[in-house]
Number of protein chains: 2
Amino acid sequence: MTARTSNDSARDIPEATVARLPVYLRALMTLAEREIETCSSEELASAAGVNSAKLRKDLSHLGSYGTRGVGYDVEYLRYQIAREIGLTQDWPVVIVGIGNLGHALANYSGFRSRGFRVVALLDADPGRHDEMVAGIDVRPFDDLESIVAENDVAIGVIATPANAAQDVADRMVAAGITSVLNFAPTVLSVPEGVDVRKVDLSIELQILAYHVQRKAAAALVEADVEEDSA
Amino acid sequence: MTARTSNDSARDIPEATVARLPVYLRALMTLAEREIETCSSEELASAAGVNSAKLRKDLSHLGSYGTRGVGYDVEYLRYQIAREIGLTQDWPVVIVGIGNLGHALANYSGFRSRGFRVVALLDADPGRHDEMVAGIDVRPFDDLESIVAENDVAIGVIATPANAAQDVADRMVAAGITSVLNFAPTVLSVPEGVDVRKVDLSIELQILAYHVQRKAAAALVEADVEEDSA
DNA sequence: TAGATTGTTAATCGATTAACAATC
DNA sequence: TAGATTGTTAATCGATTAACAATC
């Protein structure tokens, strides 16, 4: 009775590839907007900011959706990648913590356009309740369980201060959420089987700072070398 | 005459390690807050959410800052990592695009506390000028060049819509900025030597969606197997 | 058939991990 | 000296890349 999906090769896509599929998807949408119907791996790779060997290798994990000598059909490949990621279905999402960042996330159009539907905004602060944000009213955090159950929410977004994040994650997991996107600058501990992805704004800046510093140091050394040879 | 810095081993830290240094830094700050003065690689690794072998390997690229049989001095290691990343100095930053996300970024306390100083908020929309955000007034985008020059800005943050981002990046580069943190959902092309890091909110959600879908598919297969064996 | 471009192979590179000698 | 824990080695794993046979 075991009904396998039509494409067994779809299993076990390397993480590095998974992380790039959304980038390819966006590049394909840009091409489609410009009414380009076909593209080569070279063209798509350039639009996505990667090299074409990597692109072809990545796509080879999904299946064989191109035509040798011709390239890829933009719309067909777009659909296949969307299906692979799971964007052909609707993903109900809750956002907890409606401060500045929560506002920004609730209003972010990139979510809705990719099939993510914000079903609720939650905040522990009663002062925020019934405020409307992005057309959705802010509800008490204690409504989490009922909202998750009623809407079959699988993805939770944490946009609270760091000290509240672990509690929120615990409650989310208890309510049945298995995937968490964490914007709070803290390490969450969750049971096996729960996925956490972290976006940390200040860490990105710190990585940049490291490289700025290195560039400055390299420039100094170079100046010294010139001085030496003079 | 070439004056090398005291620690030549500080050069050529692997990218993967650089990306984790800020995580260690944050973990050390948490330990320091709890007035813990010494920690083992095991304890620090656990606080940072990595395994201890990786932590020790990472730290070994910076130098030898621990004591065998004892562990690491929290404050000393914190300082060494901060120095390595370049956080012992002040980094002037400009933010362009003061929509929801720009607001959130301008108000984000994690920047200031790590030595990033927002010297200006810029927006092309005259309707937003002279509005105060996070105690800084919003200025015209055309002030970019003079602000960069006056404040020695090396890092620019782009929080504009996608269609404006490339223009903003071009102007930033022309003004002398060599490191860009891009929140706009688009691939930027910049000259060699300019660093771009990208934070894409919807891509993170899409990666999560892929894993949710996989978990659901795996659960189905398992149910089928049980049915078969029944 | 000739030209173009994919999908795959195999080599290379970088990151992770376990194990342990060095040493406090 | 005995116990603890670092820093390093070496093995393994996964990702990237160039090259090219397959094939439209």
Side-chain angles (χ1 to χ4, degrees), chain A residues 7-24 27-28 31 36-78 80-81 84 207 210-211, chain B residues 7-24 27-28 31 36-78 80-81 84 207 210-211:
Chain A
N7 184 0
D8 266 36
S9 75
R11 283 148 217 279
D12 266 31
I13 298 182
E15 265 309 302
T17 297
V18 170
R20 281 187 296 262
L21 290 180
V23 180
Y24 302 153
L28 285 164
L31 294 178
I36 293 166
E37 287 175 11
T38 299
C39 66
S40 67
S41 62
E42 197 66 58
E43 289 162 333
L44 180 54
S46 147
V50 302
N51 74 47
S52 65
K54 191 186 279 180
L55 172 78
R56 288 199 302 278
K57 182 78 178 166
D58 283 340
L59 294 184
S60 77
H61 291 109
L62 311 195
S64 182
Y65 297 131
T67 308
R68 288 168 203 239
V70 177
Y72 302 92
D73 182 283
V74 170
E75 177 49 32
Y76 180 62
L77 185 58
R78 192 204 61 70
Q80 292 299 341
I81 294 178
E84 191 64 45
I207 296 171
Y210 171 79
H211 289 291
Chain B
N7 184 0
D8 267 36
S9 75
R11 285 148 216 282
D12 266 32
I13 297 181
E15 266 308 304
T17 297
V18 170
R20 281 186 297 262
L21 291 179
V23 180
Y24 302 152
L28 286 164
L31 294 177
I36 293 165
E37 287 175 11
T38 301
C39 65
S40 67
S41 63
E42 197 66 56
E43 290 162 332
L44 180 54
S46 147
V50 301
N51 75 46
S52 64
K54 191 186 278 181
L55 172 78
R56 289 199 302 279
K57 182 77 178 167
D58 282 341
L59 294 183
S60 77
H61 291 110
L62 311 195
S64 182
Y65 297 131
T67 309
R68 288 168 205 239
V70 177
Y72 301 92
D73 182 281
V74 170
E75 178 50 32
Y76 180 62
L77 185 58
R78 193 204 59 72
Q80 292 299 342
I81 294 178
E84 190 63 45
I207 295 171
Y210 171 79
H211 290 292

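Values below: every heavy atom of this structure, side chains too, minus hydrogens, waters and symmetry copies. Below, chains carry the letters A, B, ... as their sequence lines are ordered, and counting in each starts from 1.
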Side chain to side chain contact (heavy atoms under 4.5 Å, CB included) filter on Ala45(A), not counting sequence neighbours, yields Val50(A), Ser52(A), Leu55(A)
Would you say the side chain of Leu59(A) lies within less than 4.5 Å of the side chain of Tyr72(A), judging by non-hydrogen atoms?
yes
Side-chain N or O of Ser40(A) less than 4.0 angstrom from OP1 or OP2 on dT5(C)?
no
Minimal non-hydrogen separation, Leu44(B) against Leu77(B), with atom names
CD2-CD2, 3.8 Å
Identify each atom pair where a protein N or O and an N or O of nucleotides 1-4 of chain D are less than 3.5 Å apart, giving names and distance.
none

Work out which heavy atom in Val23(B) is nearest to a heavy atom in Ala48(B); give both atom names and the distance.
CG1-O, 3.6 Å
Could you go through nucleotides 11-16 of chain C and list every protein N or O atom that sits under 3.5 Å from one of its N or O atoms, giving the distance for each pair?
residue	atom	partner	partner atom	Å
dT16(C)	OP1	Arg20(B)	NH1	3.0
dT16(C)	OP2	Arg20(B)	NH1	3.3
dT16(C)	OP2	Arg20(B)	NH2	2.7

With sequence neighbours excluded, tell me which residues meet side chain to side chain donor-acceptor pair (under 3.5 Å) with Glu37(A).
none
Establish, with yes or no, whether the OP1 or OP2 oxygen of dT6(D) is under 4.0 angstrom from a side-chain nitrogen or oxygen of Thr67(B).
no
Is there a side-chain polar atom (N or O) of Tyr72(B) under 4.0 Å from OP1 or OP2 of dG7(D)?
yes
Heavy atoms of Ile36(B) and Thr38(B) approach each other most closely as CG2-O, 3.3 Å
Considering only residues two or more places apart or on different chains, which pairs with a residue in residues 50-77 of chain A satisfy salt bridge (Lys or Arg N to Asp or Glu O under 4.0 Å)?
Arg20(A)-Asp58(A), Glu75(A)-Arg78(A)
Options dT5(C), dT6(D), dG7(C), nucleotide nearest the side-chain atoms of Ser60(A):
dG7(C)
Distance from Leu62(A) atom CG to Gln80(A) atom CD, nearest 0.5 Å?
8.5 Å
Look at Ser64(A) and dG7(C) and indicate whether a side-chain polar atom (N or O) is within less than 4.0 Å of OP1 or OP2.
yes
Dot-bracket for DNA chain C, 5' to 3', Watson-Crick and G-U pairs with both distances under 3.5 Å, [ ] for crossing pairs, | for partner on another strand, reads ..||||||||||||||||||||||
